[in-house]
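Only this structure's heavy atoms are used, side chains among them; waters, hydrogens and symmetry mates stay out. Residue numbers begin at 1 in each chain, while the letters A, B, ... track the order of the sequences.
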Amino acid sequence: MEELLTGLNESQQQAVMETEGYIRVIAGAGSGKTKALTHRYAFLVNALGIEPSNILCVTFTNKAAHEMRRRVKKLIGGEQDTGFITTYHGFCVRVLREDIHRFFYPKNFVILDVEDQKTLLREIFEDLGLKLNDKTFKRILDKIGMLKGNTHYVNQMITRDAMVPLDDAGDLDSQIIQLYLKKQKRVFGLDFDDLINFTFVLFHKYPKVLGKWQDRLFYIQGDEFQDSNEKQFELMRMLAEKHHNLFVVGDPDQTIYEWRGADPKYMVEFQSFFPDAQTIFLNQNYRSTPEILAVSNSLIKHNVFRVDKEMITENQEGLKVIHYHGKDENEEAKWIVDKIEDLLKKKQASKDEIAILYRANYLSRFIEQALIKENIDYTIFGGFKFFDRMEIKDAIAHLRMIAFGDDLSFARIVNVPKRQIGKKRMQFLRERAEADGLTLYDTLKKYVDHPRLQRTQAQQFIDAIESLRSRKKDNHVSELLQDALQRTGYEAYIREDGDQERLDNLTELLHSIVQYEQTMGEDIELEEYLQMLTLYTDNDLEGKSNTVKLMTIHTAKGLEFPYVFLVGMTESVLPNVRTLRDRKERGLEEERRLAYVGMTRAEKELYLTESEGYQSGGVKKYPSRFIFELDEDAYQRIGILDEELEKEAKEYIKAAYGTDRVANEQGHPKGTKVRHPVFGEGVIEEIDHKKNTYLIYFDNLKAPRPISRNFKRLEVIDQ
DNA sequence: ATTTTCGAGATTTTT
DNA sequence: TCTCGAAAAT
């Protein structure tokens with residue numbers, strides 16, 4: 001108990017021991033959010049004697065869940081099962097594994113990832129004689145996504161009955177969607193949205209099931225709550241309805257996922273959802289120097305839609321934040337790399353301590369080139385992932401074939417290595433499967449002696465799968481995989497290909513499964529393992545050690561680094577021009593929060609860099625408005641930003657959509673009566689933010705005139 | 001007619 | 001770096 005509270009300040013202690021009821025902790029960057037959460041969990045277990053299986057703790061990423069489990073285990077002892085420290089989706093899978101059988105789905109439903117969805121759609125397109133391009137794919141997927149919230153859709157998916165068209169508009173898209181849903185139902189597939197939607201329907205349709213889970217979960221905790229969307233919030237609210245213990249942690253200033261449905265209102269207006277809720281503020285920053293904090297604070301203050309909170313710190317003073325202005329990208333990159341070498345040599349910093357953050361992935365390019373030139377090791381995060389690799393997907397498909405025998409896995413591996421089952425024979429199988437209502441694999445078994453399947457190695461494939469299936473129960477997942485790759489000839493196939501890297505990857509996969517078995521208990525069911533695996537994306541930061549880390553600001557969320565370079569701080573990149581166009585003020589504020597998140601990752605030193613030149617479309621580059629919004633005495637500028645350019649930049653920013661608050665305050669609202677030195681009196685009809693003009697109807701003119709908002713000699717007429 | 005090449009342009013990402 | 005479309009080459 002003592003131990004649980006050491007190293008915590010008063011408000012953190014309060015947050016830990018405040019155990020009953022609805023509690024929100026509004027905690028700024030670097031204030032120990034995760035610490036409060038882990039310590040509270042440990043407090044519940046150690047001091048109050050609550051079983052971990054009665055505590056649900058949800059996070060957004062597996063990585064966060066993993067980190068949380070690690071830290072909790074340190075405090076409560078490693079023996080205990082912390083399985084309910086998980087992601088929203090992970091939790092839904094657990095619920096569905098227990099209760100989805102109430103629907104027509106089997107316990108071993110298949111979780112579809114994006115690639116699976118693409119495969120299904122591609123098949124449909126091929127059948128229709130069409131080609132599926134990325135744009136169409138996205139559009140259809142979008143439309144399907146919209147349907148997922150529709151109860152009618154879910155109700156159809158959970159019954160044995162055939163699908164009824166959702167609308168009879170009959171345009172090509174809806175036909176395709178109809179076919180898609182039919183296919184999805186046939187493979188017992190659930191996509192990521194379905195996991196949450198089905199859980200909802202399950203809870204609504206079967207109050208007993210909901211009751212069971214409510215009973216079980218005495219305490220519920222939510223991390224990064226400002227990023228939860230309606231469904232996630234609703235799920236938490238439902239589960240907490242019985243015991244009324246919901247404890248959420250978040251920072252509204254770090255909401256950076258509104259564009260994918262997150263709504264900070266669940267955090268900000270927590271009190272209105274739960275009137276008896278309590279609020280605890282954690283506003284001491286333990287991460288950054290006062291200088292870094294001052295700069296970040298001065299930026300975020302410009303947001304209007306905001307719960308006001310100023311972060312403070314008692315940390316030692318450090319270096320002033322630096323803004324570097326370069327003449328072009330190469331100069332910017334060069335300066336950054338020089339600075340890094342400086343840090344490495346003069347300050348004995350290690351490469352691990354340095355991070356380079358940017359708005360969009362393509363911005364890493366120039367930095368990369370410069371780093372290569374100077375021979376500095378680096379790692380880029382957020383590129384391709386281990387589990388996205390072809391050979392890994394194939395290997396997993398073998399396992400899925402043993403466990404589920406689903407059409408998707410079948411199509412993936414039946415002809416790898418070549419078994420003479422190409423397009424034509426696949427087509428035959430698909431037709432037969434459709435007619436007989438069987439899976440592709442069962443169809444293959446049934447028709448293996450059919451003339452159309454002669455001179456194929458179908459029988460060997462069937463033998464391999466059957467023999468593996470018979471041993472499923474008595475073997476560990478890792479052993480099964482090893483055997484599968486041997487027996488089907490897949491390993492030999494990769495070996496012959498001569499690609500050592502692929503072989504190594506397969507070995508690594510085996511290794512990771514063994515590790516998984518060791519942590520989760522060796523008798524883990526194959527089916528469950530596969531479902532968890534689909535939800536798992538590795539974005540393990542410890543990948544390569546002692547390298548400079550490059551990543552987007554989004555990826556850096558929740559992380560901290562002693563030295564941070566926030567690069568490419570160019571107007572229209574950060575803030576991004578498309579965000580400004582699409583989402584107006586809300587967009588601008590989210591971009592500002594993004595910059596804030598980037599800055600507050602830094603512990604010791606923060607560098608903001610940007611450069612002149614031209615970007616796509618020949619648009620001249622100017623420093624980001626966020627640079628100009630910072631307190632001038634809070635940072636130091638390096639590089640010459642001449643007055644002319646600065647003036648030009650500020651004009652440009654004013655003219656671009658989303659003029660800053662100062663300009664708004666200076667401007668006049670719609671309907672204001674004004675006097676113009678030439679045109680005389682008139683009324684402001686419209687305000688065009690893009691062109692930075694008013695549209696004014698003058699009493700003496702027939703048509704309205706656009707007048708610049710910067711025009712100083714426009715007087716307001718008092719009434 | 002079909003493939004290849006070359007240059008320009010680029011949100012952000014998890015489950 | 002990756003993707004997409006137009007122009008060039010087969």
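- The residues A:K334 and A:E374 are annotated as not salt-bridged, no charged nitrogen and carboxylate oxygen being separated by less than 4.0 angstrom.
- For A:E224 and B:dT14, the CD to C1' distance is 13 Å, given to the nearest whole Å.
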Its dot-bracket string being built from Watson-Crick and G-U pairs below 3.5 Å, with | for another strand and [ ] for crossing, DNA chain B has the pattern ||||||||||.....
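- Of the charged side-chain nitrogens involved, at least one lies within less than 4.0 Å of a carboxylate oxygen, so that A:E329 and A:K621 count as a salt-bridged pair.
- In this structure, CG of A:D227 is placed 11 Å from C1' of B:dT14, rounded to the nearest angstrom.
- At the heavy-atom level, A:F60 lies under 4.0 Å from the strands shown only through sugar-phosphate atoms.
- Within the 4.0 angstrom heavy-atom criterion, no nucleotide atom of any strand lies near A:E590.
- Look at A:T87 and you won't find any side-chain N or O under 4.0 angstrom from OP1 or OP2 of B:dT14.
- Taking atom NZ of residue A:K138 and atom P of nucleotide B:dT12, one finds them 10 Å apart after rounding to whole Å.
- As rounded to whole Å, 9 Å separates atom C1' of B:dA10 from atom CG of A:L363.
- Protein atom CG of A:D113 is 13 Å distant from nucleotide atom C1' of B:dT14, rounded to whole Å.
- Distance CZ (A:F192) to P (B:dT13): 16 Å, rounded to an integer number of Å.
- A:Q232 and A:D227 make their closest contact through OE1-O, 4.1 Å (heavy atoms, listed as atom of the first residue, atom of the second, distance).
- Residue A:W259 is the one, among A:W259 and A:V114, whose nearest nucleotide of DNA chain B lies closer to the 5' end (criterion: closest heavy atom).
- Between A:R70 and A:E67, at least one side-chain nitrogen of the basic residue sits less than 4.0 Å from a carboxylate oxygen of the acidic one, meeting the salt-bridge criterion.
- The side chain of A:A360 lies closest to B:dT12, out of B:dT12, C:dT1, B:dT14.
- A:R306 has no carboxylate O lying under 4.0 Å from a charged side-chain N of A:E589, or vice versa, which leaves the two without a salt bridge.
- Put simply, A:N576 has no side-chain N or O that comes within less than 4.0 Å of OP1 or OP2 on B:dA10.
- Rounded to whole Å, the distance from CG on A:N62 to C1' on B:dT13 is 14 Å.
- If you check B:dT12, B:dA10, B:dT13 against the side chain of A:R260, the one that comes closest is B:dT13.
- Residue A:N361 has no polar side-chain atom (N or O) positioned under 4.0 Å from OP1 or OP2 of C:dT1.
- The existence of a salt bridge linking A:K33 and A:D223 is excluded, since no basic side-chain nitrogen approaches an acidic carboxylate oxygen closer than 4.0 Å.
- One finds no side-chain N or O of A:T555 lying less than 4.0 angstrom from the OP1 or OP2 phosphate oxygen of B:dT12.
- Regarding A:R365, its CZ atom lies at a distance of 11 Å from the P atom of B:dA8, rounded to whole Å.
- Scanning both residues, A:V573 and A:E591, for their nearest heavy atoms gives O-OE1, 4.2 Å.
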